[in-house]
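Predicted model only: the values in this text are computed from it and were never measured. Sequential numbering from 1 along the given sequence is applied to the chain's residues. The basis for the numbers below is simple: all heavy atoms, side chains too, and nothing from hydrogens, waters or symmetry mates.
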Amino acid sequence: MRQWGNEAMRQWAVRSLPFQLAALLGAFLLFLVQPLIAKQILPWFGGSATVWSACLMFFQVVLVVGYVYAHVTRRLGPGRQAVVHLALIGIAAMVSLPIAASAEWAPPDGTAPVGRVIGVLAAAVGFPAVLLAATAPLVQDWFARVEPTRSPYPLYVVSNIGSLAALIAYPAFVERYLTIPAQSLAWSLTFGAFIAACLWCVARVRRLPAAAPGAEGADVTPRSGPVDRLLWIALPAIGSGLLLATSSGLTQDIAPVPLLWVVPLSIYLVTFILAFAGYYWRTVFAAALVIAIVVVQWIVGEDSR
């Protein structure tokens, strides 16, 4: 993005506006619901740090499921895929809104089994969360087909900005000024705006002519080798595992509060924003990784003495 001229940026912003809105709102809602729903169920389990760790793990799995759904439905072609996705979002709105964790899942003895936490999350927000997670890769693919001469990757920057904004907004504003019912209502109303943005995207995608390059059923994805595919799975898994471990350590050693929950995840998202905005330099980040490993080992060594 940073290499583009002002005119190119302006044209991209105008042509991609509905896709930007869908990506931004989808990511904002997905990452806002994490602390929101965790806040609702935290008292049921005695304020245990296990609650946030289980929530974070659940939503990491939701991301993967959403990406798989986006990939599998791609064979429908962009037009039919967009209609199916919009229909499922409408169903999710009817059956899940306003979002609220059912007290029936609250354990009678205040314990925090991971299975019970996962169950309440799946029942309360599982369906809409999967669809929200799938929206970012879907709108990137749709935009690439609608505007084949323009890069879809800045949309990943937009979606991660939405995620980061949600994480900052929760402890700074939402938690401080809104009650739990008001938080659920505000989230549900924003989901309505998200549906409108998706409807705008679908209107654009449905205009694709059947015989156009990149239109219905066309597969323009470059083939990759087994080593590349293995790295695509292993490297994100390592990053996700480190995020879970860091968050779990903070909430157990300090306190299970939303502000500490969102700090590691916010840093995690910032790295994606920098990388897809064109500010990734392998040498710099490799050096930072080595420094981080040394610092962590020194801290662990000091704590064990």
Side-chain angles (χ1 to χ4, degrees), residues 1-3 23 27-28 30-35 38 48-64 66-67 114 117 133 136-137 140 153-172 175 224 226-305:
M1 290 180 65
R2 63 192 180 92
Q3 295 91 349
F28 181 85
L30 179 61
F31 278 77
L32 185 64
V33 80
Q34 296 185 39
S48 170
T50 305
V51 175
W52 177 248
S53 297
C55 288
L56 192 56
M57 180 183 68
F58 173 81
F59 284 104
Q60 291 286 301
V61 173
V62 162
L63 282 173
V64 175
Y67 292 167
V114 173
V117 174
Q140 288 180 59
Y153 296 112
L155 289 171
Y156 201 67
V157 178
V158 173
S159 66
N160 278 281
I161 289 175
S163 303
L164 184 60
L167 291 177
I168 295 173
Y170 189 82
E175 185 186 27
S224 56
V227 175
D228 288 334
R229 296 186 181 186
L230 179 63
L231 288 174
W232 292 345
I233 296 172
L235 294 178
I238 292 171
S240 179
L242 289 172
L243 171 64
L244 287 168
T246 302
S247 300
S248 178
L250 285 175
T251 52
Q252 289 180 16
D253 296 340
I254 304 177
V257 295
L259 181 60
L260 288 179
W261 294 345
V262 303
V263 169
L265 190 52
S266 297
I267 297 172
Y268 183 77
L269 292 171
V270 167
T271 62
F272 286 111
I273 294 172
L274 292 175
F276 281 88
Y279 292 97
Y280 174 76
W281 299 283
R282 182 171 299 180
T283 302
V284 173
F285 279 82
L289 175 61
V290 172
I291 294 171
I293 292 174
V294 172
V295 171
V296 169
Q297 290 298 319
W298 178 77
I299 293 173
V300 171
E302 288 292 313
D303 290 342
S304 62
R305 292 177 184 174

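Rounding to the nearest 0.5 Å places CZ of F31 at 12.5 Å from CD1 of I168. Here the straight-line distance linking atom CG of L167 with atom CD1 of I267 works out to 11.5 Å at 0.5 Å rounding. From T271, atom OG1 reaches atom OH of Y279 across 16.0 Å, with rounding to the nearest 0.5 Å. Summarising the geometry, atom CD1 belonging to I273 is positioned 8.5 Å from atom OG belonging to S159; distances are rounded to the nearest 0.5 Å. Going from atom CZ of F59 over to atom CG of L63 covers 9.5 Å, rounded to the nearest 0.5 Å.
For the residue pair L155 and A23, the shortest heavy atom distance occurs at O-CB, 4.2 Å. Among all heavy-atom pairs drawn from A165 and F28, the shortest one is C-CE1, 4.0 Å. What you find for A133 and Y67 is that their closest heavy atoms are O-CE2, 3.4 Å. The heavy-atom pair separating L269 from L164 by the smallest distance is CD1-N, 3.7 Å.
In this structure, F58 and V117 have side chains that are not in contact, with every pair of non-hydrogen atoms separated by 4.5 Å or more.
Among residues two or more places apart in sequence or in another chain, the ring-ring contact (aromatic ring centres under 6.0 Å, His included) test is passed with F285 by Y280. Residues passing the ring-ring contact (aromatic ring centres under 6.0 Å, His included) test with Y268, sequence neighbours excluded: F272.
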